[in-house]
Amino acid sequence: MSSNHNHAASREVSKRHKVEGPQKHIVGFILSLALTIIAFAAVAAGEINETFTYIILVAMAVVQVIIQMAFWMHMKDRGHLFPIIGIIAGVFVVITMVIMALYWVWW
Amino acid sequence: MAAHAHGHKVKRYSGLMDWLTTVDHKKIGILYLIAGLFFFLIGGLEAIIIRIQLIKPMNDVVSGSTFNELITMHGTTMIFLAAMPLLFALMNAIIPLQIGARDVAFPFLNSLGFWTFFLGGLLLNLSWFAGTVPDAGWTSYVPLAGPIYSSGHGVDFYVIGLQIAGIGTLLGGINFMATIINMRAPGLTFMRLPMFTWTIFITSALIVFAFPALTVGLVAIMFDRLFNANFFDVANGGNGVLWEHIFWVFGHPEVYILILPAFGVISEVISTFARKRLFGYSSMVFATVLIAFLGFMVWAHHMFTTGLGPVANGLFSIATMLIAVPTGIKIFNWLFTLWGGSIRFTTASMFAIGFVPTFVMGGVTGVMLASAPADYQYHDTYFVVAHFHYVIVGGLVLGIFAGLHYWWPKMFGRMLNETLGKLTFWTFFIGFHLTFFVQHFLGLLGMPRRVYTYLGGQGFDNMNLISTVGAILMGIGTIVFLLNIFITWAKPRNASNDPWEDGRSLEWTISSPAPEYNFKQTPLVRGYDAWWKEKMEGNTAMTPAEPVGSIHMPSPSILPLIMSIGLFVAGFGFMYDKLIVAGLGLAITLGCMAIRSLFDDHGFHIEPEDQDEGVQA
Amino acid sequence: MKRLLPLLTGLVLLLTACGREDLSALNPQGPVAEKQFELMKLSIGIMALVIVVVFIICIYVLIRFRRRKGDKTIPKQVEGNHTLEIIWTTIPLVLLLVLAVPTINNVFGLAKDYSKDKNAVHVKVTAHQYWWEFEYTDYGITTAQDLIVPTDKKIAFELVAADVKHSFWIPAIGGKMDTNPGSTNRMFLEFPKEGVFRGKCAELCGPSHALMDFKAKAVSPESFDRWVAAMKAPAQMPADPELAEKFTSQCLSCHAVGENGGNSAPNLTGVGGRETVGGILYNDEAGVEQNIHDWVIDPQKYKKGAMMPTAEDNSLTPEEVSGIAKYLAEYKLDY
Amino acid sequence: MSAHDHVEGQLPHEPEKATLEARNKILGFWLFLGAEVVLFGTLFAAFLALRHNIGDGPSASELFQLPMVFAATMILLTSSLTSVFAVQAMHQHNKKSMLTWLIITIILGLGFLGLEIYEFTEYVHEGHGFTTSAFSSSFYTLVGFHGAHVAFGVLWIALVIGQVFKKGFNVVTAPKVYISAIYWHFIDVVWVFIFTVVYLMGKVAG
């Protein structure tokens with residue numbers, strides 16, 4: 001799709017350029033869609049054990065978010081060390097807080 | 001210095017307008033310094049009144065309600081409006097110079113950060129004039145701070161003032177993280193960063209990840225107070241303990257936000273005046289990162305008596321104690337930096353050396369407090385008051401004094417008077433220990449904190465008197481410091497590039513004060529202690545990493561001030577339930593954001609021929 | 001040396017004057033406070049050791065390595081020393097371990113739940129702005145301000161707050177526990193020695209937080225039983241029927257004596273025998289009748305923010321105030 | 001996509017990272033997102049702590065309708081895809097295609113907002129007002145904060161579109177497109193957790 005790019009830019013650019021095509025994003029979209037549908041279906045079915053449903057839901061959400069961040073937000077690209085550190089640090093703080101909220105309610 | 005002519009169509013201001021529109025990190029640093037000192041004096045005055053009220057049993061200088069207002073405003077002002085801005089002053093004045101940068105990553109945001117902080121702080125302190133002052137403690141525990149038990153506007157001032165000031169702090173944190181990551185001079189790798197830059201980097205990260213929690217907490221309490229939400233209203237399913245958690249999830253990292261920069265200052269000052277490389281640099285970096293990391297997992301040690309149960313109390317006890325290890329590493333590294341050195345006693349180094357044992361005393365009481373069962377006795381007594389003043393005043397404020405005396409010539413081109421400086425040190429230092437040492441025992445003998453008075457004959461009387469005397473001595477020390485500023489202000493600006501002669505990092509390679517563009521040519525860094533390394537090899541200047549050329553500068557802008565005023569107005573609108581005013585204020589702010597986005601700032605250039613006259617304050 | 005002096009004076013202070021027996025956490029009068037005091041002594045010991053080491057190194061360094069005038073020599077630029085760094089990482093870890101073990105033991109030891117224990121006395125503490133309500137759930141009696149406990153049993157507390165957060169603290173007997181609105185905290189204390197101990201509120205709760213004191217009075221088991229019986233006995237009302245009527249209409253709408261009255265203000269059964277009026281006016285100083293009289297005239301004068309109206313607002317004449325003060329002062333329980 | 005109209009022939013492949021200023025902005029924005037993670041995390045924590053305290057109001061499972069949530073999810077997910085297409089078009093220097101995708105993104109964003117407003121009014125009719133209970137307060141605060149982010153994003157992207165029209169597509173406007181797209185994805189990422197934790201788990205909890 002993008003290989004017919006006749007720009008005078010350096011070869012290096014066109015090399016990296018190849019990686020980016022709509023296919024990748026559409027794959028990401030279909031994956032996200034599938035994960036979302038699984039999550040909704042798991043709830044709509046309503047037959048499954050409650051704890052197990054929670055696990056499915058959280059797993060689907062986490063996988064979907066990782067896919068979106070890696071592909072759509074370009075986090076898998078080079079030069080994203082500090083963004084990754086930043087997001088992980090934020091997630092770390094959030095996990096401690098969420099554990100706090102749950103622990104303190106259920107204990 | 002007056003704006004000079006050049007071929008670019010950029011408006012440059014002078015006088016007051018220059019200060020209101022500046023995006024120069026050095027000037028913003030000075031603005032932070034002035035604002036920080038201003039609020040420091042207000043907070044100090046509140047402290048003196050508190051101590052005078054407690055000078056003897058059943059004193060009645062102020063009433064219980066006024067006393068609660070004083071302690072609330074003293075705590076809030078000192079932490080958010082004095083300590084943090086003074087740190088931001090040092091950060092702004094020094095970090096870009098230490099990393100060989102011409103400015104911070106976001107000069108506009110830097111200015112915005114200052115003005116939101118300042119107007120937020122102003123809003124908070126206007127409560128004294130509005131006659132309804134926040135009085136639920138700086139922690140604002142609900143339900144006392146909720147709409148039922150604080151029905152006036154007092155706590156609203158706290159909530160909205162901190163919310164606005166918090167925006168500024170968050171922007172500052174992001175700015176300095178980005179600056180340190182992206183703007184380092186060539187060759188200045190992370191493991192060559194001066195210790196002060198490292199601590200500011202970590203502090204900024206703590207700001208970025210801790211302040212949003214406060215933002216949400218304040219939003220929740222604001223919704224409860226202004227829009228009848230039920231976050232903390234027990235009758236409707238809310239829970240007050242949630243506020244405690246949210247507050248301390250922010251509040252504990254906040255303590256490290258305050259103390260880490262002081263660690264950085266002390267490292268720089270001790271190393272300079274011992275004429276010796278910082279001992280165990282890499283373990284210092286590691287310890288800093290570890291303290292920051294652990295800092296997020298210990299918040300519940302402020303809540304041992306809340307009733308979280310033995311499992312939580314046990315875990316948080318252990319986690320808290322662990323922090324003593326990296327802190328201990330730092331203490332011994334400082335001592336061994338001094339060991340074998342050639343120690344010169346200047347005001348800055350005396351503050352730094354005084355810091356070490358004082359901070360150790362504050363640190364060990366911290367470990368004592370970490371032991372939950374013993375904390376059932378210490379909690380919310382004067383023991384805790386003594387502990388955190390040892391850490392914050394004995395740690396942070398001594399660090400700030402050390403930093404100010406040390407970098408004063410770099411900020412203003414003048415040396416502070418050493419005799420007055422040493423007088424400041426001794427009065428402040430002795431006053432400090434007098435004030436707070438006895439408070440440990442007051443707490444153990446059964447005196448709770450935040451009491452506006454106490455009955456006689458309980459064994460509290462003498463120690464409270466000693467404490468008050470000490471507080472007055474600290475006040476005198478502060479006044480001497482101000483005198484020093486005024487007296488030296490009249491002196492000529494004659495500080496050399498490296499006025500202490502033993503400077504080690506890049507800020508000492510350029511003139512004092514630094515020119516507008518900091519570095520005529522970006523320096524090439526060849527190792528840790530870049531400037532010291534060059535000096536030892538007999539060089540008189542850094543190797544430049546680029547030829548002399550035209551220097552790009554950001555344009556000044558009044559928008560940050562207007563945006564902050566917008567938030568200020570919106571704050572009052574929300575507080576007094578005039579949603580139109582609130583909407584107008586927010587519209588001003590958002591409108592300025594749009595203007596900033598629409599009209600790109602192309603900045604201007606300082607051409608090589610203009611660069612030598614570009615020196616300015 | 002200058003810095004060492006306050007420390008030494010402090011240590012001396014610690015060893016000699018430990019404060020009032022009925023108030024100080026350094027002078028424990030019960031096993032809970034004793035355990036906490038043990039832990040304090042251990043941690044103070046460890047920390048004093050750390051401080052001494054740091055001070056010695058610090059002073060030595062400052063004397064030994066001060067720069068002579070005009071000294072231009074450059075000291076050796078040491079990068080670090082792994083052995084030293086390992087030493088000052090390990091030793092603190094060991095010291096912390098020494099402190100951590102008893103800490104964990106006591107965290108769980110002091111959290112033992114006696115709320116189901118038949119041998120314990122169960123007291124439900126409700127903190128109000130600015131007074132303490134003590135309900136003895138085993139006996140169905142309620143008192144205020146003076147907590148009466150037997151010396152032979154564990155006291156299992158249930159702690160709640162009626163309005164804002166407070167904290168229940170009797171330093172000489174044991175550490176504090178917060179009273180949260182909307183949820184119950186539990187703790188236990190033991191009072192092996194007879195005596196009166198001072199209790200305090202340790203969480204900012206409003207303008208009169210400083211005045212929210214109470215007393216814990218430990219009495220012999222027999223005496224405690226007599227007290228319970230006296231509390232359960234029918235209430236004494238003022239002898240003068242007019243005064244009794246006034247007292248019922250104006251005071252018992254909030255207060256209670258025995259089985260009569262409301263529960264939104266401190267229970268007054270046997271108030272004449274209490275240690276203080278309002279928690280802060282000591283009866284052994286001005287006398288209980290005078291204290292009650294002063295208090296009823298204008299409670300706000302002594303405790304700002306107290307809910308009780310002045311005598312005037314309560315439409316009590318000076319004679320009625322004196323009558324009520326006399327009646328209440330003489331209302332003592334025999335135990 | 002095949003019709004490439006190269007507006008600025010001299011642009012590098014990743015025009016959003018051409019200048020130091022732009023790289024600073026992107027990094028700074030990521031750090032801001034790190035802070036936003038904590039912001040939303042705290043809101044989630046508050047919601048999780050209070051979600052069972054429904055007082056007199058309806059419970060989560062009585063209230064939520066999965067079809068509506070599913071529709072909102074699909075809209076936002078698709079808008080995230082269209083915004084990534086916009087960035088891709090930008091990397092190909094295809095200004096027209098980039099603008100088209102951005103406009104579609106905005107329209108989808110508005111659709112999401114409309115649905116959310118409709119949803120909230122429905123809830124209020126069913127007795128689930130902001131002040132009903134701790135559950136309702138924390139629900140509206142969390143979901144409302146997200147909605148406010150969507151609204152801000154719509155305004156922002158509109159402003160960026162206007163600038164690209166006016167100033168052209170260059171190294172100044174490119175980072176704006178890129179950053180607003182990152183922001184938009186982030187909103188979608190937050191929504192993934194909202195529909196999982198708030199709606200689906202609320203439905204399961206009964």
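These numbers come from a predicted model, not from an experiment. Convention: sequence-line order gives letters A, B, ...; per-chain numbering from 1.
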Checklist outcome for this item: Within residues 175-190 of chain B, contacts to chain A at heavy-atom distances under 4.5 Å involve B:Ile181, B:Phe190
Checklist entry - At what distance, to the nearest 0.5 angstrom, does CG of B:Leu308 lie from CE of A:Met100? => result 10.0 Å
Checklist entry - Going by residue number, which parts of residues 286-300 of chain B are within reach of chain A, meaning a heavy-atom gap below 4.5 Å? => result B:Phe293, B:Phe296, B:Met297, B:Trp299
Checklist outcome for this item: Honestly, the part of B:Ala312 sitting under 4.5 Å from a heavy atom of chain A is both
